[in-house]
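Written out below as C-alpha cells is the structure these notes cover.
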Amino acid sequence: MKAWQAVGDGAACSMLAEEADMLATLGRQVLGLHRAVIDRTSIDSDPVMARLYPDAYADAEDAAEFRRLASGDIAYARMQSMTRMVVDLESAMPTEEDDDVVRLEVDAEGADAWLRALGEVRLVLHVRTGQDRAELPEDVTDDDIAQLRDVIEWVGFVQGTLLEALDGKMLG
Amino acid sequence: MSDDAQRSDTWSTILWDDEVTLQPYVVHVLMHRFGLDRARAHELMQLAQRDGRAVVAHGSREEQEMHVAGLHGDGLLATLERAAP
C-alpha cells in the first residue's frame, strides 16, 4: 500500500490486490452489522454494536427511544458509505492473474465515504481485539489477535494518508 | 409552574473522548459537520481529549438530535443533554 496522493478534488492510491481483497471482505462484514440494525436482528449486548450505535442520552429510556427512531437511518447512511468503498475495491480488482496491484481513485464525495468506512472497519476490529477473550469465539488464537492488530494499523495508514492528501489540498 | 417550564430549552451536543479514532479524522468531521475552521475543530478535539468531553454545538433539542445522529454515523461518540441554565 502506498500513501494516497491528492488528485483533482479527490485522491488516488495503489495497494496490493490481496490488501484490496481483505479490505473489501472486512467492509462486507461491517455491512452485515448495519443490515442487522435495519432488520432489527442486531444483538444489542454485542460490544461492537454498543460502540457503533452508542447511547445518545445518559437516560436509558431516552437512549432507547432515540435508538428506535434514529438507528435505521444511521444504519442506512453507513451502508451507503461502506458499499461505496466495497464497490470501488471490487471494481478495481485486476482481471489478469499476474497483475497484483490495484489502483484506486476517488472524488471528494468518494473520499468522504471512504474516510467513514475505513474508520468503521478500524473501530470494529479494535473492539473485537480488545474484547475479553471469554467473549470471543473459542478458536480465536493469540496469533489471530496479533494479525488483527496489524490490520488495524494498516487501515489506520489508509485512513490517515487519505486525510493528509485531502488536507494538503485544502491548505495549498 | 411546572418543572419543565423552569428547565432550559437549550440542548448541547457533547463529543466524548475516543481512544480509537484517529485525531485528524475527528478534526475532519468537526470541520465538515459544523463548518468550523481547522483551528477551532482542533481545539474542540483536544478539549474532548483533555476533559473526556466537549460541547460542540447547542440549540434546539431536534437540532442536537440530528447532530448526534450524524456524529454516530461518522463513528464518533456523542450524546445530547439539556444545557445548564
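Heavy-atom basis, side chains included; hydrogens, waters and symmetry copies ignored.
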Intermediate values then yes/no, side chain to side chain contact (heavy atoms under 4.5 Å, CB included), L123(A) and T21(B): CA-CA 7 Å; L123(A) 273 184; T21(B) 303; 4.2 Å; yes
Side chain to side chain contact (heavy atoms under 4.5 Å, CB included) evaluation trace for E81(B) with Y57(A): CA-CA 7 Å; E81(B) 64 185 35; Y57(A) 287 94; over 6 Å; no
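Between chain B and the residues H126(A), E120(A), H34(A), the largest count of heavy-atom pairs under 4.5 Å involves H126(A). With respect to chain A, the highest number of heavy-atom pairs below 4.5 Å among D74(B), V29(B), L76(B) belongs to D74(B). With respect to chain A, the highest number of heavy-atom pairs below 4.5 Å among L77(B), V27(B), L71(B) belongs to L77(B).
At a 4.5 Å heavy-atom cutoff, the contact between D62(A) and chain B is made by side-chain atoms alone. Contact of D112(A) with chain B is made through the side chain alone, with heavy-atom distances under 4.5 Å. Within the 4.5 angstrom heavy-atom criterion, only side-chain atoms of I74(A), from C-beta onward, approach chain B. The contact between A78(B) and chain A is made entirely by backbone atoms, counting heavy-atom distances below 4.5 Å. Heavy atoms of A56(A) lying under 4.5 Å from chain B belong to its backbone as well as its side chain. Within the 4.5 angstrom heavy-atom criterion, atoms from both the backbone and the side chain of R116(A) approach chain B.
Sorted by first then second residue, the ring-ring contact (aromatic ring centres under 6.0 Å, His included) pairs that include residues 64-112 of chain A, not counting sequence neighbours, number zero.
Under a hydrophobic clustering in which Ile, Leu, Val, Met, Phe, Trp and Tyr are joined whenever their side-chain heavy atoms come within less than 4.5 Å, directly or via other members, I43(A) and V48(A) fall into different clusters. Hydrophobic clustering keeps W4(A) apart from L16(A) (ILVMFWY residues linked when any side-chain heavy atoms are closer than 4.5 Å, directly or through intermediates). No continuous path of ILVMFWY side-chain contacts below 4.5 Å connects M66(B) to F34(B), so the two sit in separate hydrophobic clusters. I14(B) and L36(B) are members of different hydrophobic clusters when ILVMFWY side chains are connected at heavy-atom separations under 4.5 Å. W16(B) and M49(A) are members of different hydrophobic clusters when ILVMFWY side chains are connected at heavy-atom separations under 4.5 Å.
Of the inter-residue distances, the one linking L115(A) atom CG with Y25(B) atom OH reads 6.5 Å to the nearest 0.5 angstrom.
Within 6.0 Å of the CE atom in M22(A), the count of heavy atoms belonging to other residues, nucleotides or ligands exceeds 12. The number of heavy-atom neighbours closer than 6.0 Å to CD of E109(A), taken from other residues, nucleotides and ligands shown, is 12 or below.
For the pair R78(A) (side chain) and H72(B) (backbone), a donor-acceptor distance under 3.5 Å is present.
Residues R51(A) and D18(B) are paired through a salt bridge, judged by an N-O separation under 4.0 Å between the basic side chain and the carboxylate.
No side-chain heavy atom of L69(A) sits less than 4.5 Å from a side-chain heavy atom of E65(B).
Of all non-hydrogen atoms in R122(A) and V20(B), the two that sit nearest each other are NH1-O, 2.7 Å.
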